[in-house]
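Step one of this worksheet: look at the structure below.
None of the values given here were measured: they were computed from a predicted structure.
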Amino acid sequence: MVVPDRQPVAGEPREEFRDWQTVYERCLPAHSVDSGRAAEHYAPSMWSESNNYGFEHEQDYLRSIKKDDSYTFTYPFEYIAKNYGNDDYDIGTAEMVVRVQWTDTEAGYTVTYDVPEMDKIDPAEGNGDAASFYESDVYWRLVSDLDGMGIGVELRAF
């Protein structure tokens, strides 16, 4: 995005965020669902006994706001292909396949992941295992994508 050569006006969103805010403001009402009980918005509130959305049990409420049964995401990440020492190294790129699956027993989405090319990632070069790549890099992108799809923390069992 090209940022114009002008000073921002106080209270005005920065240029690089202007399009994002417009999209967000337009999409937010579109994610509202009239269930006949109450409006369940893009970021639904947590269930409680006093605010139960017409459901006796939290699991029933969570099942009612669940999205699709499963999703598959592929995220590229970088690893150290060759470490020459003294902060000199070659970087490689691999992909992590992340599967997000609804489970009724947990009344939420669970996650599994796999790195098909894990055999080319050498721990001796300073790399971690698949779990370390997931935790340090991929997890945050996954959570952001799920949030953007309306799958908030209340629907995640991980």
Side-chain angles (χ1 to χ4, degrees), residues 1-5 7-8 12-33 40-48 57-158:
M1 171 181 290
V2 176
V3 178
D5 293 323
Q7 294 297 317
E12 179 181 74
R14 292 189 353 220
E15 185 68 29
E16 61 266 29
F17 294 120
R18 190 168 291 150
D19 291 340
W20 175 84
Q21 286 177 328
T22 302
V23 170
Y24 178 77
E25 289 164 0
R26 288 183 185 161
C27 291
L28 186 60
H31 290 287
S32 182
V33 176
E40 294 173 6
H41 298 284
Y42 179 75
S45 301
M46 296 296 286
W47 180 94
S48 68
H57 302 287
E58 183 178 18
Q59 277 88 0
D60 295 331
Y61 165 68
L62 293 173
R63 285 184 193 101
S64 78
I65 62 172
K66 139 188 156 157
K67 308 295 182 189
D68 291 336
D69 287 338
S70 64
Y71 301 90
T72 300
F73 301 89
T74 302
Y75 295 101
F77 65 91
E78 293 180 341
Y79 65 94
I80 301 171
K82 179 67 179 165
N83 189 343
Y84 301 103
N86 296 324
D87 292 328
D88 183 21
Y89 45 82
D90 294 334
I91 297 294
T93 303
E95 291 186 339
M96 181 174 288
V97 178
V98 180
R99 290 172 193 83
V100 178
Q101 179 77 39
W102 177 266
T103 173
D104 277 330
T105 57
E106 305 236 6
Y109 289 97
T110 59
V111 170
T112 58
Y113 50 84
D114 180 45
V115 180
E117 302 171 307
M118 195 66 197
D119 59 327
K120 73 179 189 179
I121 300 174
D122 186 359
E125 298 295 333
N127 296 297
D129 59 3
S132 68
F133 287 111
Y134 173 78
E135 292 165 4
S136 66
D137 182 8
V138 173
Y139 171 82
W140 303 108
R141 291 188 279 160
L142 173 66
V143 166
S144 177
D145 288 344
L146 292 174
D147 285 343
M149 297 167 59
I151 300 174
V153 66
E154 70 279 357
L155 289 175
R156 297 193 296 255
F158 60 93

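Scanning all heavy atoms of the two residues, the minimum distance from A130 to V115 falls at CB-CG2, 4.0 Å. Smallest separation of non-hydrogen atoms from D119 and P116: OD1-O, 4.1 Å. Contact between T110 and A157 at its shortest, heavy atoms only, is CG2-CB, 4.2 Å. Across all non-hydrogen atoms, the minimal contact from G92 to A81 is N-CB, 3.9 Å.
Within the structure, ring-ring contact (aromatic ring centres under 6.0 Å, His included) pairs that include any residue of residues 77-102 comprise F77-F133, W102-Y109 (at least two apart or interchain).
For the atom pair I91 CD1 and I80 CD1, the distance stands at 6.0 Å (nearest 0.5 Å). Taking CG of D122 as the reference point, atom NZ of K82 lies at 8.5 Å (rounded to 0.5 Å). Considering CE of M118 and CE of M96, their distance stands at 7.5 Å, rounded to 0.5 Å. Taking CZ from F158 and CG from L142, the interatomic distance works out to 5.0 Å, rounded to the nearest 0.5 Å.
Checked against salt bridge (Lys or Arg N to Asp or Glu O under 4.0 Å), E117 has the following partners two or more places apart in sequence or in another chain: K120.
For the 3.5 Å distance criterion, the side chains of Y75 and D145 qualify, holding a donor opposite an acceptor.
Here the side chains of M149 and Y71 are in contact, with some heavy-atom distance below 4.5 Å. A heavy-atom distance below 4.5 Å is found between the side chains of Y113 and V98.
Of the possible donor and acceptor atoms, one in the side chain of R141 sits under 3.5 Å from a partner among the backbone N and O of P76.
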Next on the checklist: Could you go through Y139 and V111, starting from their C-alpha distance and side-chain angles, then the distance that decides it, and tell me whether this counts as side-chain contact (heavy atoms from CB on, under 4.5 Å)?
Outcome noted: CA-CA 10 Å; Y139 171 82; V111 170; over 6 Å; no
Checklist entry - Would I151 and V100 count as a side-chain contact (heavy atoms from CB on, under 4.5 Å) if you check the C-alpha gap in whole Å, the side-chain angles of each, and the deciding distance to 0.1 Å? => result CA-CA 11 Å; I151 300 174; V100 178; 5.8 Å; no
Next on the checklist: Working note: D137 + E78, criterion side-chain contact (heavy atoms from CB on, under 4.5 Å); need CA distance, chi angles, decisive distance, verdict.
Outcome noted: CA-CA 9 Å; D137 182 8; E78 293 180 341; over 6 Å; no
